[in-house]
Amino acid sequence: MASHFSGVLKLTDLDDFITPSQECVKPVKLEKKQGKSVAKIQIEDDGSYFQINQDGGKQKLEKAKITLNDCLACSGCITSAESVLIAQQSQEEIFKVLRNNKLASATDQVVVVVSVSPQSRASLAARFGMSSSETGRRLTSFLKGLGVHHVFDTGFSRTFSLLESQQEFLERFQRKEQDKSALPMLTSACPGWICYAEKTHGEFILPYISTTRSPQQMMGSLVKDYFAEAQGLSPRQIFHVAVMPCYDKKLEASRPDFYLEEAESREVDLVITSGEVLSMLEQEKVILNEVKAAPLDELFSNVNGGELLSHAGGGSGGYLHHVFTHTAKQLFGEEVKELTYKTLKNKDFQEVTLEKDGVVVLRFASTYGFRNIQNLVQKLKRGKSPYHFVEVMACPSGCLNGGGQLKPLPDQTSKDLLQQVERLYKAETASVPEDDTRVSDLYHSWLHNVGAERARQLLRTQYHGVEKISNGLVIKW
Amino acid sequence: MKDALVLVERFNAHPDSRCWHVAWNPTATLMASCGGDRAIRIWGKEGDSWKCLSVLQDGHQRTVRRVAWSPCGTYLASASFDATTCIWKKKNDDFECLTTLEGHENEVKCVTWAPSGNLLATCSRDKSVWVWEVDEEDEYECVTVINSHTQDVKLVVWHPTLELLASASYDNNICVYKEEDDDWECKATLEGHASTVWSLTFDPSGQRMASCSDDRTVKIWKCQNIEGPGDMSWKCVCTLSGFHERSVYDIAWCRLTGALVTACGDDGVRVFKEDPSADPDQPVFSLAAHVSKAHSQDVNCVAWNPKEGGVLATCSDNGEIAIWKYQDDHE
């Protein structure tokens with residue numbers, strides 16, 4: 001079970017037979033009550049604990065509780081119990097919600113929205129031998145047949161993430177002389193990377209990480225704020241599911257920062273992987289090729305002429321590509337048509353530079369996989385990182401190779417499958433975020449009157465370093 | 001007549017703590033030792049006896065578990081329970097800390113230099129094996145992180161001539177790694193020991209490996225197709241059982257004489273010799289020398305002198321280092 005997480009997350013220890021994982025920091029955060037240091041504890045027959053005070057009075061002691069949510073949201077550790085629980089946050093949940101919907105009264109029903117990532121679509125497309133857009137149409141039909149109301153494409157919300165990233169980079173670049181931790185800007189769309197950064201490098205690395213929300217959580221904002229309001233619904237009346245290429249995205253959806261306190265609702269209620277969608281198809285005995293295509297829900301999909309669009313710059317979102325081209329134009333007046341990637345130590349470590357009058361003015365890199373992330377962070381710590389921007393992904397070969405993607409068939413090698421998925425992904429025409437009028441209109445209509453603070457809440461996020469606990473009791477000898 | 005293992009010298013290396021490891025430098029003029037006192041000590045010969053030339057005390061916050069000399073003899077790497085690996089550079093008679101390699105989640109159990117001198121391997125209780133590369137500017141970078149073991153990795157060792165790495169683990173297995181495309185992969189998993197594999201050593205030719213385990217045996221492994229391409233296959237061709245009364249903590253194969261020596265939790269040191277007339281696919285080893293109380297506590301490490309055949313260093317939980325001379329009766 002635990003093996004599903006990205007390699008970057010797996011490095012924490014995973015056995016927790018009796019004690020919580022050594023890395024569990026939850027106990028540290030409990031509030032300490034003031035009082036005398038000496039106390040007598042009495043255990044009642046029912047197993048509850050009472051503290052006996054000096055004057056004989058009894059005080060019931062609260063049990064330290066660690067809920068699934070505490071576990072999921074905290075980056076302190078990944079215990080094997082938690083990984084079992086994560087596995088339970090699966091397609092069963094969506095079937096349950098759809099079943100309840102059928103039985104519920106009109107007022108108790110929820111609107112079910114599924115946002116599908118382009119990487120998941122490409123993975124399913126490879127398995128069923130269809131184009132990515134056709135797969136999108138078939139999926140729309142299949143999901144709506146089960147009772148899902150809307151099927152969106154996170155390529156749409158990704159346009160927001162790309163635009164915000166471009167803006168954020170320019171802001172950071174402008175203040176790089178005054179703020180030493182403005183650059184390099186490190187991307188934040190990968191939750192495996194974020195959990196690792198929060199846990200292992202804490203306060204040192206967090207200022208460098210982009211505050212722009214990932215496409216999944218941008219969609220969360222779009223669906224539970226804009227869409228909810230437009231439909232006259234409260235966030236609780238929408239059940240929002242995201243289909244993603246990895247399990248780490250389940251952790252991202254559970255972060256407290258993405259929980260709407262007042263509405264008591266998560267921006268993304270459930271994340272299922274590409275593989276879990278396949279399980280759904282198998283459970284319903286449906287073969288995607290045989291499903292009749294349905295028109296795409298264009299409201300929150302990156303479409304043109306009925307075909308889904310993609311973004312340039314690789315299968316992990318294209319952050320490097322878009323920030324580079326935008327900055328080259330805005331700050332240096334250069335129109336970069338095609339980026340030249342230079343492979344450094346290995347194929348998961350690539351560099352792109354912009355030269356003006358023989359001087360390198362922009363130096364960007366993409367580092368995928370744990371070993372490259374390690375080297376990036378160590379170089380940064382020594383003050384020797386030459387980059388302005390780094391696209392960081394936990395999985396070697398990026399999101400198309402995520403842990404939740406469909407596995408190769410018996411007669412296929414992983415390499416061949418990955419190449420096939422990449423081909424299908426790239427076959428979709430690339431759209432240019434800056435030219436997307438629907439998105440710019442939405443920026444305007446949705447965010448224009450809400451004020452800077454609210455806009456920040458909707459488009460950006462924050463990170464929290466995790467303090468390590470060195471409790472002698474939990475050290476393994 | 002039985003061969004003998006004769007004590008040459010014995011001295012206390014790490015006062016009031018255990019000595020975990022002792023290593024000869026490539027020219028055998030110096031020894032480095034490390035222990036539970038968080039220190040690394042450098043020893044040199046003064047006349048007939050060994051003297052402590054230098055104490056490197058402030059490199060680590062916890063026990064230093066292993067030290068390793070670079071093939072050129074100028075650098076020393078130290079692996080510690082504080083999760084770091086320090087690289088030291090020799091400057092006249094002293095050593096200065098060049099850099100600290102971080103990244104392991106918890107206790108680093110072993111560090112070892114590749115014969116080429118550009119690569120370093122470390123392993124840890126965090127179950128991973130890391131390969132590091134050093135460039136011309138003495139900068140170290142992580143080449144890869146391999147997670148083939150399911151438990152604490154006790155030891156990593158390089159092949160004497162090929163760029164091949166082997167590791168031993170608490171999961172009872174041995175893994176052998178090779179570089180493929182642009183990453184390192186586990187190319188073979190050797191199963192057979194019934195308990196933790198503590199140490200591994202390659203024979204002088206690099207065709208075979210000897211392993212020792214908590215299951216009180218020593219196993220000899222032979223490989224078909226070690227240089228590839230395609231899969232390597234390793235077979236256990238010999239098991240030495242009934243000789244050790246406790247866990248066997250270390251094993252070393254002498255490059256000069258081909259003799260095998262073991263360090264045991266029963267405080268003994270044993271030398272095994274190979275029968276030259278046996279079938280190479282069914283080797284026969286016999287116990288040639290045995291000191292039952294080599295130290296007053298567990299023997300943690302055995303190391304053959306790389307220049308002088310038959311000379312051996314051992315160290316123990318009692319903080320001592322001892323030097324021995326194996327006298328082959330047939331000389």
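Here is how names work: the chains are called A, B, and so on, in the same order as the sequence lines, proteins then strands, and each is numbered from 1.
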* To do: Compute the ring centroids of B/H60 and B/F81, then answer whether they are less than 6.0 Å apart.
  => no
* Does the gap between the ring centers of B/W184 and B/Y177 come in under 6.0 Å? -> no
Contact origin within [X] toward chain A - heavy atom pairs under 4.5 Å:
X: B/D152; value: neither
X: B/V143; value: both
X: B/Y140; value: backbone

* Donor-acceptor side-chain pairing of B/S195 and B/D215 below 3.5 angstrom -> no
* **Short side-chain donor-acceptor distance under 3.5 Å, B/W198 and B/S213** => no
* Asked: What option among A/K381, A/K384, A/R382, A/Q374 has the most heavy-atom pairs under 4.5 Å with chain B?
  -> A/Q374
* Quick one: do A/F349 and A/Y368 satisfy ring pair (Phe, Tyr, Trp, His ring centres under 6.0 Å)? Show the steps, please. => CA-CA 6 Å; A/F349 186 13; A/Y368 294 1; over 10 Å; no
* Pair B/W130-A/F370, ring pair (Phe, Tyr, Trp, His ring centres under 6.0 Å): steps then yes or no -> CA-CA 11 Å; B/W130 291 48; A/F370 186 64; 5.6 Å; yes
* To do: For the pair A/R371 and B/D182, find out whether any cationic side-chain nitrogen is under 4.0 Å from an anionic carboxylate oxygen.
  => yes
* Does anything in residues 94-103 of chain B get under 4.5 Å of chain A by heavy atoms, and if so which residues? -> B/E102, B/G103
* Asked: If you round to the nearest 0.5 Å, how far is CD of A/E391 from CD of A/Q350?
  -> 10.0 Å
